[in-house]
A.B. asks: 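Here it is: the structure, laid out below.
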Amino acid sequence: MSYLELSEQEIQRRETLNKLRELGINPYPAELYPVSDFSNEIKSNFNEGKQVCLAGRMMSQRIMGKASFAELQDSTGRIQVYINRDELCPGEDKTLYNEVFKRYLDLGDFIGVKGYLFKTQVGEISVHVQEFTLLSKSLKPLPLPKTDTEGRIHDAFTDPELRYRQRYVDMVVNPGVKEIFIKRTKLFNAMRQFFNDAGYMEVETPVLQAIPGGASARPFITHHNALDIPLYMRIANELYLKRLIVGGFDGVYEFSKNFRNEGMDRTHNPEFTAMEIYVAYKDYNWMMEFTEQLLEHCAMAVNGTTSATFGEHSIDFKAPYKRVTMRQSIIDFTGFDIQGKSEDELRIAALSMGIAVDETMGKGKLIDEIFGAKCEGNYIQPTFITDYPKEMSPLCKAHRDNPELTERFELMVCGKEVANAYSELNDPIDQRERFEEQLRLQEKGDDEAMFIDQDFLRSLEYGMPPTSGLGIGMDRLIMYLTNNASIQEVLFFPQMRPEVVQPKIELSATETEIFECMKIETEMLLPDLRAKVDMSNKQWDISLKTLTKNNLLKVSKEDDLLYIRLI
RNA sequence: GAUUCCGUAGCUCAGCUGGUAGAGCAAUACACUUUUAAUGUAUGGGCCCUGGGUUCGAAUCCCAGCGGGAUCACCA
């Protein structure tokens, strides 16, 4: 990398790196550093005079002549360290303090310190440093927010683009960010624990699938060279988990990275994480109880309480949750009873509610539209919506009391779906007909053609026990538990458009034209040169600035005349 | 996909109806032995997102593009 492409501060840091090497200090030492203490533990359990050894980034430095304070940030927080010149360097040679610590350490560098604990005159718990070691030099300056005496934060690193693209920086300077991801991991752990305690088994199923099944969404497509076949990134893992139930497991679950080639916004990322669990010999009523127990357990594990705040809403994950059938929900919010209505009657009703409809919509779709427009948003507290129309649920068993409905529920929180569950369809003949019905619906003009997975149907023909399955959108759930309105805040590395590569510094056509001209003339009056080249004023202006900036040409003013010279 | 806002120093942001580019913090140098947004003095630092247009003159006005945010639509 050329120095031309570096900022002043980056150049300075590279120079101090060399100075450190000249002093015989390796800025990137290989040996382990014997960390024995952490800042949060020292602060919560202060023990005057205790010998400690800790390591982290130096995040601030206050030099006051022969003594200095610095803040060390480790994985658990920050702690102040105190460095005294004559204690650090008892002999004549004060280089370690005067040069290394004061001049050649930069904010963001990793250092290790050994010393003893004490409290300063103003009562701050600090480490009295007796020995410090440079562990790793930082060559780029961190954007460092400052908090003033009244708690206001200045210069916060807030630009979402930079925060997502450089999440590593985001986490170093914005401490709340790490908290979100710690909670995310706690959520996964709590769920695993709950399932494992219930005796169910975590499994792994294919991410690359020859037939992307289990949902209807546009897949990402790739190619396997050796087999010379197209393969798809999975959009769901449902059909594979059901095969495992066929194979004889009583309960299987998987945290599944799914991939959908669709739009991105604050609740959708092309890759996202779903949890799916299937339990044999259960139905969706059992699954509702299981789900509310699960979420209560998870909320406690993540936040230590079942209540959570999401935006303006206060929600409570304490079981049990209200259960409302889709029919009753639509009656509640529109007064309209969908029971026994024909497709035309539903279409007219939807139109009268101001919902856009078209001829391709079947009964199920119409009902779903009405529910989505008029009901869904009203369920703030966790609520089970049950008994969805059959057309919307091709993998779900028909309702035991009403063949037009299915044994399905969705869990709504803050007006959005966080979980979806069925009494799974295990009648292979019915399943085949549902798939074919889906195909017919999609031939009407849906580009998300669903493939019929013949192997899945074959597995059902061998027999699948009655089974209930549940899927949870993990990203969405953690958004609720951490009060984040954007999925990007709960993913370490949300999908971004690729960064544009900065063009190398090389002369443009107009710059070359000017430069070639000056190579011949060496010295000219500026207006003469301007007259000689053919370009817009803006091109002229920018080209000249670039050339002078890179020390190729120089403009000088003599006796009110502007001269340009080759350097 | 639609609407709307934004893009200026390492960071956060000013910059009026066009007239030589600004602040705070960060950086550099010096002083200072319990400070904490340390302090004091001095110094350096800019493709004002890109391209085109209007103009004697554009960070500023106009057009197009790129990138990002927000809202809406689509997405079981």
Side-chain angles (χ1 to χ4, degrees), chain A residues 6-13 15-16 60-71 78 80-87 97 102-103 106-108 118-124 126 128 140-165 169 173 214-218 235-236 260-268 270 356 364-365 368-369 371-372 376 388-389 391-396 408 410 417 420 422 446 448 471 473 485-486 488 496-500 502-503 505 508 511 536-539 541-543 545-546 549-550:
Chain A
L6 295 174
S7 71
E8 186 197 14
Q9 288 186 49
E10 288 173 299
I11 293 168
Q12 276 161 359
R13 288 191 179 205
E15 284 167 358
T16 63
S60 74
Q61 203 182 18
R62 292 181 289 278
I63 296 173
M64 279 162 300
K66 298 188 187 72
S68 298
F69 292 90
E71 272 180 301
R78 288 190 188 186
Q80 177 170 268
V81 299
Y82 171 75
I83 297 190
N84 184 302
R85 186 191 72 180
D86 296 327
E87 289 178 62
Y97 181 78
K102 277 168 66 176
R103 296 163 65 94
D106 291 300
L107 300 188
F118 77 113
K119 276 189 186 173
T120 63
Q121 289 179 349
V122 291
E124 172 128 0
S126 308
H128 197 120
K140 285 177 93 67
L142 288 166
L144 280 176
K146 295 218 157 200
T147 308
D148 67 18
T149 41
E150 283 142 44
R152 285 186 303 247
I153 295 174
H154 299 264
D155 301 338
F157 182 59
T158 54
D159 181 344
E161 180 185 359
L162 288 174
R163 287 185 49 230
Y164 301 151
R165 283 195 198 280
V169 174
V173 303
S216 104
R218 214 172 325 147
I235 56 175
R260 297 188 182 177
N261 204 342
E262 292 171 346
M264 295 161 54
D265 60 29
R266 71 187 198 293
T267 55
H268 296 84
K365 182 74 180 161
D368 192 59
E369 288 290 320
F371 177 76
E376 193 175 62
Y388 282 61
E391 295 97 299
M392 300 303 297
S393 316
L395 299 167
C396 182
R408 171 180 181 180
E410 287 195 352
E417 168 206 346
N420 182 21
Y422 305 148
D446 195 335
E448 292 173 351
S486 167
Q488 297 169 308
M496 302 287 281
R497 207 175 284 271
E499 272 183 277
V500 280
Q502 292 292 326
I505 294 184
S508 70
E511 287 152 15
S536 73
N537 283 328
K538 184 157 286 183
Q539 283 174 328
D541 188 48
I542 288 173
S543 302
K545 276 180 184 162
T546 308
K549 193 181 164 73
N550 287 318

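Note on naming: letters A, B, ... go to the chains in the order of the sequence lines (proteins, then strands), and numbering restarts at 1 for each one.
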A.B. asks: When we call it a touch if two heavy atoms are under 4.0 Å apart, what does V173(A) touch: a base, just sugar-phosphate, or nothing?
C.D. replies: nothing

A.B. asks: Using side-chain heavy atoms (C-beta onward) and a distance below 4.5 Å, is F371(A) in contact with P389(A)?
C.D. replies: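 Heavy-atom side-chain distance check fails, nothing below 4.5 Å.
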
A.B. asks: Can you tell me, in whole Å, how much space there is between the P of rU43(B) and that of rA59(B)?
C.D. replies: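 Nearest-Å result for rU43(B) against rA59(B) at atom P: 27 Å.
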
A.B. asks: Could you check how far CD of Q121(A) sits from P of rU34(B), rounded to whole Å?
C.D. replies: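 These atoms are roughly 7 Å apart.
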
A.B. asks: Can you check the E262(A) CD to rG1(B) C1' distance for me, whole Å?
C.D. replies: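 Between C1' of rG1(B) and CD of E262(A): 14 Å.
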
A.B. asks: Regarding R103(A), tell me which of base, sugar-phosphate or nothing describes its non-hydrogen contacts under 4.0 Å with the strands shown.
C.D. replies: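 Contact class for R103(A): sugar-phosphate only.
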
A.B. asks: What I want to check is whether an N or O donor and acceptor connect the side chain of Q80(A) with the base of rU35(B) at under 3.5 Å.
C.D. replies: yes

A.B. asks: Which listed nucleotide (rG69(B), rC11(B), rU34(B)) is nearest to the side chain of P143(A)?
C.D. replies: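 Nucleotide nearest to P143(A)'s side chain: rC11(B).
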
A.B. asks: Would you classify K365(A) as touching base, sugar-phosphate or nothing, given that sugar-phosphate means primed atoms plus P, OP1 and OP2, and contacts are heavy atoms under 4.0 Å?
C.D. replies: sugar-phosphate

A.B. asks: Check A215(A) against I235(A) and note the closest heavy-atom contact, atom names and distance.
C.D. replies: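 Reported closest heavy-atom pair: O-CD1, 3.2 Å.
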
A.B. asks: For R85(A) and L162(A), find the nucleotide of RNA chain B closest to each by heavy atoms; which residue's nucleotide sits nearer the 5' end?
C.D. replies: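 The residue closer to the strand's 5' end, by nearest nucleotide, is L162(A).
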
A.B. asks: From the set rC11(B), rU35(B), rU33(B), return the single nucleotide nearest to any side-chain atom of K66(A).
C.D. replies: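 Taking heavy atoms from C-beta onward, the closest nucleotide is rU33(B).
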
A.B. asks: rU28(B) base to Q12(A) side chain: any donor-acceptor pair below 3.5 Å?
C.D. replies: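 For Q12(A), whose side chain was compared with the base of rU28(B), there is no donor-acceptor pair (under 3.5 Å).
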
A.B. asks: How many Å lie between CE on M264(A) and P on rA73(B), as a whole number?
C.D. replies: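 Distance, rounded to whole Å: 19 Å.
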
A.B. asks: Quick check for you: among rG68(B), rA76(B), rU34(B), whose closest atom lies nearest to any side-chain atom of E410(A)?
C.D. replies: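 From the listed options, rA76(B) comes nearest.
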
A.B. asks: If pairing requires Watson-Crick or G-U wobble contacts with both distances under 3.5 Å, which nucleotide is the partner of rG45(B)?
C.D. replies: none

A.B. asks: Please confirm whether the shortest side-chain N or O distance from R163(A) to OP1 or OP2 of rG68(B) is below 4.0 Å.
C.D. replies: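 Answer no for this pair, as no side-chain N or O of R163(A) is under 4.0 Å from OP1 or OP2.
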
A.B. asks: Counting only Watson-Crick or G-U wobble pairs whose two distances fall under 3.5 Å, which nucleotide matches rA76(B)?
C.D. replies: none

A.B. asks: Please give the nucleotide sitting opposite rU4(B) as a Watson-Crick or G-U wobble pair, both distances under 3.5 Å, or none.
C.D. replies: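 rG69(B) is the nucleotide pairing with rU4(B).
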
A.B. asks: Does the side chain of Q488(A) reach to within under 4.5 Å of the side chain of R163(A), using non-hydrogen atoms?
C.D. replies: no

A.B. asks: Any side-chain heavy atom of D106(A) sitting closer than 4.5 Å to one from P141(A)?
C.D. replies: no

A.B. asks: Measure from the side chain of R165(A), starting at C-beta and using heavy atoms only, and say which of rU35(B), rC11(B), rG68(B) lies closest.
C.D. replies: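 Taking heavy atoms from C-beta onward, the closest nucleotide is rG68(B).
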
A.B. asks: Could you list the protein-to-nucleotides 23-26 of chain B atom pairs, N/O on both sides, closer than 3.5 Å?
C.D. replies:
residue	atom	partner	partner atom	Å
rG24(B)	N2	D155(A)	OD1	2.5
rG24(B)	N2	D155(A)	OD2	3.0
rA26(B)	OP1	K146(A)	NZ	3.3
rA26(B)	N3	Q9(A)	NE2	3.3

A.B. asks: Expressed as a whole number of angstroms, how long is the span from D159(A):CG to rG69(B):P?
C.D. replies: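 From D159(A) CG to rG69(B) P: 9 Å.
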
A.B. asks: E124(A) has a side chain; which of rG44(B), rC75(B), rU36(B) sits nearest to it?
C.D. replies: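 Out of rG44(B), rC75(B), rU36(B), the nucleotide with an atom closest to E124(A)'s side chain is rU36(B).
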
A.B. asks: If you look at every heavy atom in R218(A) and E262(A), which pair is closest and at what distance?
C.D. replies: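 For R218(A) and E262(A), the tightest heavy-atom pair comes out as N-OE2, 3.3 Å.
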
A.B. asks: Can you check the E87(A) CD to rU33(B) P distance for me, whole Å?
C.D. replies: 14 Å

A.B. asks: Using heavy atoms to find the nearest nucleotide of RNA chain B for A67(A) and T16(A) separately, return the residue whose nucleotide is more 5′.
C.D. replies: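 The residue closer to the strand's 5' end, by nearest nucleotide, is T16(A).
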
A.B. asks: Ignoring the backbone of T158(A), work out which of rU36(B), rU12(B), rG45(B) is nearest its side chain.
C.D. replies: rU12(B)

A.B. asks: Does rA76(B) have its OP1 or OP2 closer than 4.0 Å to a side-chain nitrogen or oxygen of R260(A)?
C.D. replies: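 False: R260(A) side-chain N/O out of range (4.0 Å or more) of rA76(B) OP1/OP2.
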
A.B. asks: Answer yes or no: is there a side-chain heavy-atom contact under 4.5 Å between M264(A) and P270(A)?
C.D. replies: yes

A.B. asks: Send over the distance from E10(A) CD to rU28(B) P, rounded to a whole Å.
C.D. replies: 14 Å

A.B. asks: Can you tell me how far C1' in rA73(B) sits from the matching atom in rU4(B), rounded to whole Å?
C.D. replies: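 So the two C1' atoms sit 15 Å from each other.
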
A.B. asks: Using the P atom as the point on both nucleotides, what is the distance between rC74(B) and rC48(B), in whole Å?
C.D. replies: 42 Å

A.B. asks: Taking the C1' atom in each of rU28(B) and rG44(B), what is the distance between them to the nearest angstrom?
C.D. replies: 7 Å

A.B. asks: Select base, sugar-phosphate, or nothing to describe what D86(A) touches, counting heavy atoms under 4.0 Å on all strands.
C.D. replies: base

A.B. asks: Rounding to an integer number of Å, can you tell me how far N261(A) CG sits from rG1(B) P?
C.D. replies: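 From N261(A) CG to rG1(B) P: 14 Å.
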
A.B. asks: Under 4.0 angstrom, heavy atoms only, what part of the nucleic acid is F118(A) near: base, sugar-phosphate, or nothing?
C.D. replies: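 The residue F118(A) makes base contact.
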
A.B. asks: Between rG69(B) and Q488(A), is there an OP1 or OP2 to side-chain N/O distance shorter than 4.0 Å?
C.D. replies: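 Checking rG69(B) against Q488(A), a side-chain N or O does come within under 4.0 Å of OP1 or OP2.
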
A.B. asks: State which of rU28(B), rA76(B), rU35(B) makes the closest approach to the side chain of D106(A).
C.D. replies: rU28(B)

A.B. asks: Which whole number of Å gives the distance between the C1' atom of rC66(B) and that of rG19(B)?
C.D. replies: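 The same atom, C1', in both gives a distance of 30 Å.
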
A.B. asks: Could you grab the distance from atom CD of E71(A) to atom CG of L107(A), nearest 0.5 Å is fine?
C.D. replies: 10.0 Å

A.B. asks: So what's rC11(B) paired with, Watson-Crick or G-U wobble, going by both distances under 3.5 Å?
C.D. replies: rG24(B)

A.B. asks: Given 3.5 Å as the limit, does a donor-acceptor pair link the side chain of Y97(A) with the main chain of A67(A), or not?
C.D. replies: yes

A.B. asks: For a quick test of reading the model, state the closest non-hydrogen atom pair linking S60(A) to R62(A) and the distance between them.
C.D. replies: OG-NH1, 3.6 Å

A.B. asks: Once hydrogens and angles are ignored, does a donor-acceptor distance under 3.5 Å link the base of rC74(B) to the side chain of D265(A)?
C.D. replies: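 Check passes, donor-acceptor contact within cut-off.
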
A.B. asks: Evaluate the side-chain proximity of R408(A) to N420(A): yes if any heavy-atom separation is below 4.5 Å, no if none is.
C.D. replies: yes

A.B. asks: Do V169(A) and F157(A) have side chains that approach each other closer than 4.5 Å (heavy atoms only, starting at C-beta)?
C.D. replies: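 Yes; the side chains approach each other to less than 4.5 Å.
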
A.B. asks: Paired with rU50(B) by Watson-Crick or G-U wobble geometry, both distances under 3.5 Å: which nucleotide is it?
C.D. replies: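 By the stated definition (distances under 3.5 Å), rA64(B) pairs with rU50(B).
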
A.B. asks: Using whole Å, report how far NZ of K102(A) lies from P of rU28(B).
C.D. replies: 13 Å

A.B. asks: With respect to the side chain of R62(A), which nucleotide from rC11(B), rU36(B), rC75(B) is positioned closest?
C.D. replies: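 So the nucleotide nearest the side chain must be rU36(B).
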
A.B. asks: Can you confirm whether K140(A) is buried at NZ, in the sense that more than 12 heavy atoms of other residues, nucleotides or ligands lie under 6.0 Å from that atom?
C.D. replies: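 For K140(A), atom NZ is not crowded (no more than 12 foreign heavy atoms under 6.0 Å).
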
A.B. asks: Would you mind pulling out the nucleotide paired to rA31(B), Watson-Crick or G-U wobble, both distances under 3.5 Å?
C.D. replies: rU39(B)

A.B. asks: Which nucleotide wins on minimum distance to the side chain of P160(A), given the candidates rG69(B), rU35(B), rA76(B)?
C.D. replies: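 Output: rG69(B).
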
A.B. asks: For rC47(B) versus rU8(B), give the span between their C1' atoms, rounded off to a whole number of Å.
C.D. replies: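 The answer is 12 Å between these two C1' atoms.
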
A.B. asks: Can you tell me if the side-chain N/O atoms of K140(A) get under 4.0 Å from OP1 or OP2 in rA27(B)?
C.D. replies: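 The answer is no; no side-chain N or O of K140(A) sits under 4.0 Å from OP1 or OP2.
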
A.B. asks: On a plain distance test, is the side chain of E161(A) in donor-acceptor contact with the base of rG67(B) below 3.5 Å?
C.D. replies: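 No, the side chain and the base share no sub-3.5 Å donor-acceptor pair.
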
A.B. asks: Partner lookup for rA59(B), please. Criteria are Watson-Crick or G-U wobble with both distances under 3.5 angstrom; report none if nothing qualifies.
C.D. replies: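 WC or wobble partner does not exist here.
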
A.B. asks: rG45(B) and rA2(B): how far apart are their C1' atoms, nearest whole angstrom?
C.D. replies: 42 Å

A.B. asks: Quote, to the nearest angstrom, the C1' distance that separates rA31(B) from rG68(B).
C.D. replies: 45 Å

